[in-house]
Amino acid sequence: MKLQVTGSDLINRIKNKWWFFVLLIAAVLIIFVPLPQAQAAAVDRHLRIEASMYQFTPGVIKVNRGDKITLDLVSMDVVHGLSVDGYDFELIADPGQTQTAAFIAEKTGVFRFRCSVACGNLHPFMIGKLQVGPNLMFIRAMLLGLLAMAAAFWSLRKPFPNLKEVNH
Amino acid sequence: MNRIDLTRFPTTNLLLRSRWPQFLIRAITLAGFVFTILAGLFGSVVGSHNFAIIFVWIAWWSALKLFFIPFGGRSWCSICPIPMPGEWMQKRGVFSPTGKGFGLGKRWPKKLRGNWLQAGGFLLIGLFGAVTLTSAKVTAIILFFIIALAFILSLIFERRSFCNYLCPIGGFTGLYAQAGPVEVRVKDKQVCAEHSEKTCYTACPWGQYPLALKSSADCGLCMECLRVCPSDNIAVNLRPWGSDLGQNTKHNPGEVFLGLVMLASVLVDSVVFLGPWGQLKTAAYEVGSLPWLIFAGVFLVVSLGVLPGLYSAAMWGAVRLGSAKTTFRKTLSKYGQVLVPLGLMAWIAFTVSFAFVKFSYVLPVISDPFGWGWNLIGMSGTASIGQSTSWSGWIQILLLVIGLFWASRVTQQISESKRQALPIIAFSGVFTVSMLWLLIG
Ligand code: SF4
Ligand SMILES: [Cu+2]
């Protein structure tokens, strides 16, 4: 699909150009090569998150891999929940109440957490962000972006064939 | 160049040429449209339990970006119910070709031509997005307003003036259809040149003359030209993606503006609906309040100031790095087409991020469209919270990166030199990084 996307001229080029394979290998490397990450010692963290219509405060949490997270979910108005994408973790707090539970942050990356109890109009958009360790996916994505720009830049070596006709 | 003409195959030819298949589909979409309005007006006020919200904003809006446009260009417009009632009046019949019917048939005022009003409509949708996206009543009222407006305008103005100059969806699909893999073109130019009657032009609801079609932006794939051409000289081609982009394409300032508004909208929607900033959501929702005014102000500054500013800066760079003849105005329009692949892929990535999580809402509202406790297909109450997975994250990254590659390539193709392309590629890069950060950062 990627090939057709960029037009038929590219398909012809692939037949006799090696650069495409270099590109592919570079992309695969960027996606899969393990990046070194400084491993901070795991600690116990006690966090308090306030839920109100329609936000979590704080909305962004950063922890290290392996940390034991104890969460206090406090509801400021109506019943709210907190469920973390990719983690099997959910808390539900009644108005004015605090609910507490703990989990180990063993998966790295960025995970959204969402309100899990319908709490009003904007409930589907009540979202927070949990970052465990460095966001390697974003770093890889940026590298892929750079690769894409470089590839586009070098893939057309000469100016496009009919360009002269158009300009003169 | 490698086109597959669908009129060459008996089955597809019959399906496209006969008025019946299209009519049947449009009858269904029209019924669905009316039903959506009813569900919105009389159904549950809880958005996620109302057919109108889920169908318009999750099912249809996603299908448009994931299916209709990438695989069919403006194909949605060929089955769109909105202009149907007006067209029946204009044609005085359901199946008759364009001819003498009701309506004044005035020409659309020159001053209001171009994509400016469509872009404005899209901005309005964005400004009130948090309300329309969550209130079934508002969604229903907007749908009713749109179909009523299309009907009234079709009685005053000729052909599909509403579609051509007002419909925000038409602006969206038209812009991105240029990257789509379908086109209507003439088979043999000579045949057209010798045919003085121009039956196709008379019949075209969109006011297009197929021989002159250079881009698919304004062709609604209605197939009327195919049906009336006495020489069977119209082809419906499958073509490589992005065929309308290249050095022979000329964009006008209106299209550039539309392209920039679309970029701004996808950024702002990502910030508001996918970001962890709760106060912003409330601000966007409370129309008329002070926070909303601030939100609206920021939205307008981004879409009318910051993005056009960055784009202009890139253009200024390109003018400096180009030959002496390049003028700022020409450059501005010329590079407008770069915004097509860039925006299209960003919207698709946004849709993957947003709609996949919410997809579990779709079947339950078919089961219980009004939220009245029905259980038609036994799926009521099965909606889950939904979550995004790292798979969807990687798909979004690939889509955005392909968009950046594609936009950079188009930039290269239309630039005089590699050097001249650099500022525009940088612009695309900055936009893509912002999207990446919002979606997976
Ligand atoms: S331009 Fe708008 S109203 Fe017209 S056919 Fe397309 S989507 Fe429907
Ligand atoms: Cu909530």
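A, B, ... follow the sequence lines: proteins, then strands. Residue 1 opens every chain.
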Original post:
Between CE of A:Met53 and OG1 of B:Thr282, what distance do you get to the nearest 0.5 Å?
Top reply: 9.0 Å
Original post:
Hey, are the side chains of B:Thr134 and A:Leu122 touching, using non-hydrogen atoms and a 4.5 Å cut-off?
Top reply: yes
Subject >> Check: A:Met137 and B:Trp394 side chains under 4.5 Å, non-hydrogen atoms >> reply: yes
**OP:** Please work out whether the ring planes of B:Phe354 and A:Phe125 are parallel, tilted or perpendicular, with thresholds of 30° and 60°.
**Re:** parallel
Original post:
Can any side-chain N or O of A:Asn121 pair as donor or acceptor with the backbone N or O of B:Leu133 at less than 3.5 Å?
Top reply: no
**OP:** Could you tell me which of A:Phe113, A:Tyr54, A:Phe111 has the largest number of non-hydrogen atom pairs under 4.5 Å with chain B?
**Re:** A:Tyr54
Original post:
chain A heavy atoms under 4.5 Å from B:Gln279: which part of the residue, side chain, backbone, both or neither?
Top reply: both
Subject >> Nearest heavy atoms of B:Val401 and A:Ala148, plus distance in Å >> reply: CG1-CB, 3.7 Å
Original post:
How about B:Gln412 and A:Phe153: do any of their side-chain heavy atoms sit closer than 4.5 Å?
Top reply: yes
Subject >> Neighbour count above 12 (heavy atom, 6.0 Å) for A:Arg65 CZ >> reply: no
Subject >> Over all atoms of both residues, closest heavy-atom pair of A:Gly59 and B:Pro276 >> reply: O-CB, 3.7 Å
Original post:
So how far is it from A:Ile139 CD1 to B:Leu436 CG, rounded to the nearest 0.5 Å?
Top reply: 12.5 Å
Original post:
Take atom NZ in B:Lys214; do more than 12 heavy atoms of anything else shown fall under 6.0 Å from it?
Top reply: no
Original post:
CG of A:Asn135 to CH2 of B:Trp437: how many Å apart, nearest 0.5 Å?
Top reply: 11.0 Å
Original post:
How long is the span from the CE atom in A:Met149 to the OG1 atom in B:Thr411, to the nearest 0.5 Å?
Top reply: 11.0 Å
**OP:** Only counting residues at least two apart or in another chain, list the ones meeting ring-ring contact (aromatic ring centres under 6.0 Å, His included) with A:Phe103.
**Re:** A:Tyr87, A:Phe89
Original post:
At what distance, to the nearest 0.5 angstrom, does CD1 of B:Ile397 lie from CD1 of A:Ile30?
Top reply: 11.5 Å
**OP:** For residues A:Ala141 and B:Ile440, report the shortest heavy-atom separation together with the two atoms involved.
**Re:** CB-CD1, 4.0 Å
Subject >> chain A contact via B:Leu422 - side chain, backbone, both or neither, heavy atoms under 4.5 Å >> reply: side chain
Original post:
Is chain A contacted by the side chain of B:Leu280, its backbone, both, or neither, given a heavy-atom distance below 4.5 Å?
Top reply: neither
Original post:
In terms of heavy-atom pairs under 4.5 Å with chain B, which of A:Gln131, A:Lys129, A:Arg112 leads?
Top reply: A:Arg112
**OP:** Calculate, to the nearest 0.5 Å, the distance between atoms OG1 and CG belonging to B:Thr432 and A:Leu144 respectively.
**Re:** 12.0 Å
